[in-house]
Amino acid sequence: MSVEQKQQKQQKQQKQQEQQGQQERSERSVTVIGLGPMGQAMAGAYLDAGYAVTVWNRTAERAAELVARGARSAPTAEAAVAANELVVLSLTDYDAVFAVLDSLDPAVLKGKAVVNLSSDTPERAREAARRLAGHGAGHLTGGVQVPPSGIGSPESSTFYSGPVELFQRHRAALEVLTGADYRGDDPGLAQLYYQIQMDLFWTSLVGYLHATAIAEANGISAEEFLPYLSSTAASLPGFQAFYAPRIAAGDHRGDVDRLAMGLASIEHVRHTAEASGVDGALPALLAETFRRGVEAGNGAASLTALVAQFRAA
């Protein structure tokens, strides 16, 4: 091998090493935009994992603690997006997301992978994906299933949807935050899964609070009520496992429960609440839902007949 050939080989190896180093640095760097409690926890998790982290928040003071830990605070959202290929958005909703995107020179988005962990509707997630694709950027929708305290734990989980190759490319970085549950290429799917989880979460918690208010109005403390509450809550997965295949099959026979019986029961709850000086609006709303089912001729059918009733609303 001639001296010139050796030099060319060395130059090629050096270039390959530089490219590999640049790729490794890119894969270990991230921008986090939005520094509420969730964004703070996400940026902190990346710092703990050894990532080079750039942050931006409309209220710059929120970055102070992260900067003290080694993060770089970008002066503008555009500078934050320009800093890294992987950009994580943790904002209140998609109005805030679109406000940030509209503030950027579209050219800065080309080649970026935007992981949008803000909450909104499935259709708005699809809109964000379309807008970013128009600027040459990829978009992954995320629905985080835990509060900030759960960030950084592999036992926690986040729904993701969008291009599978984009998800696979950045999966290791996403799993710094939580476990990653990929739902499909439709950008709206992660938000859909997230919102139906929130439907169950909020209605369940409000039911708990209403029951606790009745308990306390009658001299039963929240602590005293807790084991009985927990027992009832622990029974729900059994009901759900029983009902799910029947719902899928359209089988709403009233051999286990009946809507008319449920209406009578929830009316008893309403009367008990009101007699205790507790607002009866929540059970009254449920009673009205049950009553419409009974009046539609489903009084002898199972409670699961309400699924079709909800879909027709």
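Quick caveat: nothing in here was measured; it's all calculated off a predicted structure.
Using a 4.5 Å heavy-atom cutoff, the side chains of Asp185 and Val164 are not in contact. Two residues are said to be in side-chain contact when any heavy atoms from C-beta on lie closer than 4.5 Å; Ser161 and Asp186 fail this criterion. Counting only heavy atoms from C-beta outward, the side chains of Ile151 and Val146 approach each other to under 4.5 Å. The side-chain heavy atoms of Thr121 and Tyr94, taken from C-beta on, include no pair separated by under 4.5 Å. Side chains of Ile33 and Val55 form no contact here, defined as non-hydrogen atoms less than 4.5 Å apart. You'll find the side chain of Gln309 reaches within 4.5 Å of the side chain of Arg292, heavy atoms only.
Under the 4.5 Å side-chain heavy-atom criterion for Ile, Leu, Val, Met, Phe, Trp and Tyr, Leu86 and Leu132 are members of distinct hydrophobic clusters. Linking Ile, Leu, Val, Met, Phe, Trp and Tyr residues whenever their side-chain heavy atoms come within less than 4.5 Å leaves Leu282 and Val278 in two separate clusters. No continuous path of hydrophobic side-chain contacts links Leu189 to Leu166 [ILVMFWY only; heavy atoms under 4.5 Å]. Following chains of ILVMFWY side-chain contacts shorter than 4.5 Å, one can reach Leu47 starting from Val115, so the two form part of one hydrophobic cluster. In the hydrophobic cluster analysis, where Ile, Leu, Val, Met, Phe, Trp and Tyr join through side-chain heavy atoms closer than 4.5 angstrom, Val108 is grouped together with Trp56.
Residues Pro187 and Thr141 come closest through the heavy atom pair O-OG1, 2.7 Å. When all heavy atoms are compared, the tightest approach of Gly36 to Asn57 is N-OD1, 4.4 Å. When all heavy atoms are compared, the tightest approach of Leu66 to Ala43 is CD1-CB, 3.7 Å. Considering all non-hydrogen atoms of both residues, Thr54 and Ala80 come closest at CG2-CA, 4.1 Å. Summarising the geometry of Ala83 relative to Thr31, their closest heavy-atom pair is CB-OG1, 4.1 Å, with the distance given to 0.1 Å. Taking every heavy atom of both residues into account, Gly39 and Val32 meet most closely at O-CG1, 3.9 Å.
Partners of Asp93 according to the side chain to side chain donor-acceptor pair (under 3.5 Å) rule, which considers only residues two or more places apart in sequence or in another chain, do not exist here. For Glu175, the salt bridge (charged side-chain N to carboxylate O under 4.0 Å, His left out) test picks out Arg171, with sequence neighbours left out. Residues satisfying the side chain to side chain donor-acceptor pair (under 3.5 Å) criterion with Ser157, sequence neighbours excluded, are Gln145. Judged as a side chain to side chain donor-acceptor pair (under 3.5 Å), and not counting sequence neighbours, Glu295 has no contacts. Shown here are the salt bridge (charged side-chain N to carboxylate O under 4.0 Å, His left out) partners of Glu267, two or more places apart in sequence or in another chain: Arg270, Arg291. In this view, Asn298 satisfies the side chain to side chain donor-acceptor pair (under 3.5 Å) rule with no residue, not counting sequence neighbours. For Asp181, the salt bridge (charged side-chain N to carboxylate O under 4.0 Å, His left out) test picks out Arg183, with sequence neighbours left out.
In this structure, Lys112 contributes its side chain and Val81 its backbone to a donor-acceptor pair below 3.5 Å. Counting only distance, with no hydrogens or angles, the side chain of Ser156 and the backbone of Gly152 share no donor-acceptor pair below 3.5 Å. Judged by distance alone, with hydrogens and angles left aside, the side-chain atoms of Tyr46 form a donor-acceptor pair with the main-chain N or O of Ala173 at under 3.5 Å. With Gln191 contributing its side chain and Gly142 its backbone, the two residues share a donor-acceptor pair below 3.5 Å. Distance alone, capped at 3.5 Å, places no donor-acceptor pair between the Asn218 side chain and the Ile220 backbone.
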Full working for side chain to side chain contact (heavy atoms under 4.5 Å, CB included) between Met38 and Val144:
CA-CA 10 Å; Met38 188 66 81; Val144 185; 4.1 Å; yes
For Leu117 and Leu91, what are the C-alpha separation, side-chain angles and deciding distance, and is it a side chain to side chain contact (heavy atoms under 4.5 Å, CB included)?
CA-CA 7 Å; Leu117 301 178; Leu91 298 164; over 6 Å; no
Hey, mind stepping through Arg124 and Val97 against side chain to side chain contact (heavy atoms under 4.5 Å, CB included) and telling me if it holds?
CA-CA 10 Å; Arg124 297 204 86 189; Val97 169; over 6 Å; no
Given the rule in the side chain to side chain contact (heavy atoms under 4.5 Å, CB included) test, do Val67 and Ser73 qualify, once you have shown the distances and angles that lead to the verdict?
CA-CA 7 Å; Val67 169; Ser73 180; 3.7 Å; yes
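With Met42 as reference, Val88 is the one residue of Val176, Thr178, Val88 to meet the side-chain contact (heavy atoms from CB on, under 4.5 Å) rule. Just one residue in the list Asp199, Leu205, Val206 forms a side-chain contact (heavy atoms from CB on, under 4.5 Å) with Thr203, and that residue is Asp199.
Among residues at least two apart or in separate chains, salt bridge (charged side-chain N to carboxylate O under 4.0 Å, His left out) pairs with a member in residues 54-73 are Asp48-Arg69. Applying the ring pair (Phe, Tyr, Trp, His ring centres under 6.0 Å) test to every pair with at least one member in residues 137-173, sequence neighbours left out, gives these pairs: Phe159-Tyr193, Tyr160-Phe167, Phe167-Tyr182. Every pair passing salt bridge (charged side-chain N to carboxylate O under 4.0 Å, His left out) that includes a residue from residues 130-156 is listed here, sequence neighbours excluded: Asp102-Arg131, Glu123-Arg130. The ring pair (Phe, Tyr, Trp, His ring centres under 6.0 Å) analysis of residues 203-253, with sequence neighbours excluded, yields no pairs. Annotation: ring pair (Phe, Tyr, Trp, His ring centres under 6.0 Å) contacts involving residues 262-297, sequence neighbours excluded, are absent.
Looking only at atom types and distance, the side chain of Asn84 has a donor-acceptor partner in the side chain of Ser29 under 3.5 Å away.
The distance from the CD atom of Glu274 to the OG1 atom of Thr272 is 9.5 Å, given to the nearest 0.5 Å. Rounding to the nearest 0.5 Å gives a distance of 7.0 Å between OG of Ser204 and CG of Leu236. Note that CG of Asn116 and CG of Leu101 are 8.0 Å apart. Values are rounded to the nearest 0.5 Å. Atom CD1 of Ile247 and atom CG of Leu306 lie 10.0 Å apart (nearest 0.5 Å). The distance from the CG atom of Asp120 to the CD atom of Glu127 is 9.5 Å, given to the nearest 0.5 Å. Put simply, OG on Ser153 and CG on Leu177 are 11.5 Å apart, with the number rounded to the nearest 0.5 Å.
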